[in-house]
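In this text, all values refer to a predicted model and were calculated from it rather than measured experimentally. In what follows, chains are A, B, ... by sequence order, proteins preceding strands, each numbered from 1. Atom set for the values below is all heavy atoms of this structure, side chains included, hydrogens, waters and symmetry mates excluded.
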Amino acid sequence: MADTRSKTSRPDDRRYCETHEWIKPDGDTMLIGITDFAVVELSNGNEGDLVYCDLPEVGRILKAGETFGEIESVKAVADLNCPVAGEVIEINSSIEEHLEVLSKDPWKEGWLIRIRPDAKSLDKLMDAKAYEKFLAEKAH
Amino acid sequence: MITTWGADPAFNMGLDEALTLSRDGGVTLRFYTWSPDTLSLGYFQKVRDVPGCERTGALVRRITGGGAIHHVHELTFSISAPASHPLYAGVIAESYMRVHGALCTALATFEIDAQLRGARALASDRKTTGMCFHHSTDLDIVWDDRKGVGSAQRRTRGRVLHHGSIKLATSSLEGEIATLRARAPELAVHDVAEAIKHSFRTAFALDFETAVPDADERTAARELGKRYVSHDFVHSR
């Protein structure tokens, strides 16, 4: 069964993790957020079902794969994982009060943290096509 | 399957984390009770939003979400499994429907016609207590027009921890909720645990081996459990 929960194809200007975070180069920094799939998985399509989000302090040093925050829907708390190593240099603090943004625009307005990565290569992560294939396989 | 009756709050929470972080890939169903009576806060709950939290024998913060539970006259259970397991795969709402379907089947053995709440409001809903049983969603299990099972999940490192609570009787902090003894006055936690185990075994083809925590699990539980009762963690929000 193909993933039919979102009709929107995922942006190809970024890379994706199996834990459903995305990471997008932005100059010397990188933006990190969660995918539309993650949002639907947590909220079942009800934007009001996302209730809390905790983001890290600016300056925190993260390892690749390390949990940098948590997000809660009405029925579950899930980790937010950092795809690559780096230093947190900015957080999207408005998200914590407006989680509905994640349902409306997880790709742009819904970014969570900005990091200065230790290395610029994202080659080990999935591109949009590979991520969508991963989702399709996961749905079987 | 692991049972630990009357354990202290730090051990109870530490063992669930140890089982969740376990890398052996298995499914562990655990039943337990608490001593002393304990109030567990949901992971994101603010202490000030739960007025009853100073009126219990102990206070902890869970790693699962949702509202506060007063662990007295109650059976707590946890199910730790990989996120890819058929029990938990897919959107979270679907995993709740699977878990709650098996629980409704178990409750039916005591002639309790438990159902998912759906769109209706409940007689047990309250706005200001912060208690899990006083706040309901469409996927919650109800009978007698009141919430009867508290549920919450944590999804971490490819694993899922599902916490559940079923009340034998009301408590000073959880009035007007659905209880088992309102329907079956002689019921004991062991009877309920056995029915749930049987239902999960049947519904998900799980072959549970009954055990107690081994030495490594007990050590991990003691170490991990310290955080759950620490002032910094409990009062972190």
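Remark: A:Glu66 pairs with A:Arg60 by the salt bridge (charged side-chain N to carboxylate O under 4.0 Å, His left out) rule, at least two apart or across chains. Not a single salt bridge (charged side-chain N to carboxylate O under 4.0 Å, His left out) links A:Asp49 to another residue, sequence neighbours left out.
With a 4.5 Å cut-off on side-chain heavy atoms, A:Val51 and B:Phe44 do not count as touching.
Distance check, rounded to the nearest 0.5 Å: CZ of B:Arg237 to OH of A:Tyr52 gives 9.0 Å.
Residue-level contacts of residues 140-154 of chain B with chain A, in order of numbering, are B:Asp140, B:Ser151, B:Ala152, B:Gln153, B:Arg154; threshold 4.5 Å between heavy atoms. Using a 4.5 Å cut-off between non-hydrogen atoms, no part of residues 225-235 of chain B approaches chain A.
Classification of A:Asp79 and B:Arg159 as a salt-bridged pair fails, no side-chain N sitting under 4.0 Å from a carboxylate O.
Residues B:Ile92 and A:Lys75 approach most closely at CG2-CB, 4.3 Å, considering heavy atoms.
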### Task
Dump the intermediate steps for side-chain hydrogen bond (donor to acceptor under 3.5 Å, both in side chains) on A:Glu72 and B:Tyr43, then the final yes or no.
CA-CA 9 Å; A:Glu72 181 179 29; B:Tyr43 185 75; over 6 Å; no

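The 12-atom threshold is exceeded at CD of A:Glu90, counting heavy atoms of other residues, nucleotides or ligands nearer than 6.0 Å.
If you measure heavy-atom distances from B:Leu161 to chain A, you find no contacts under 4.5 Å at all. In this structure, chain B has no heavy atom under 4.5 Å from any part of A:Glu18.
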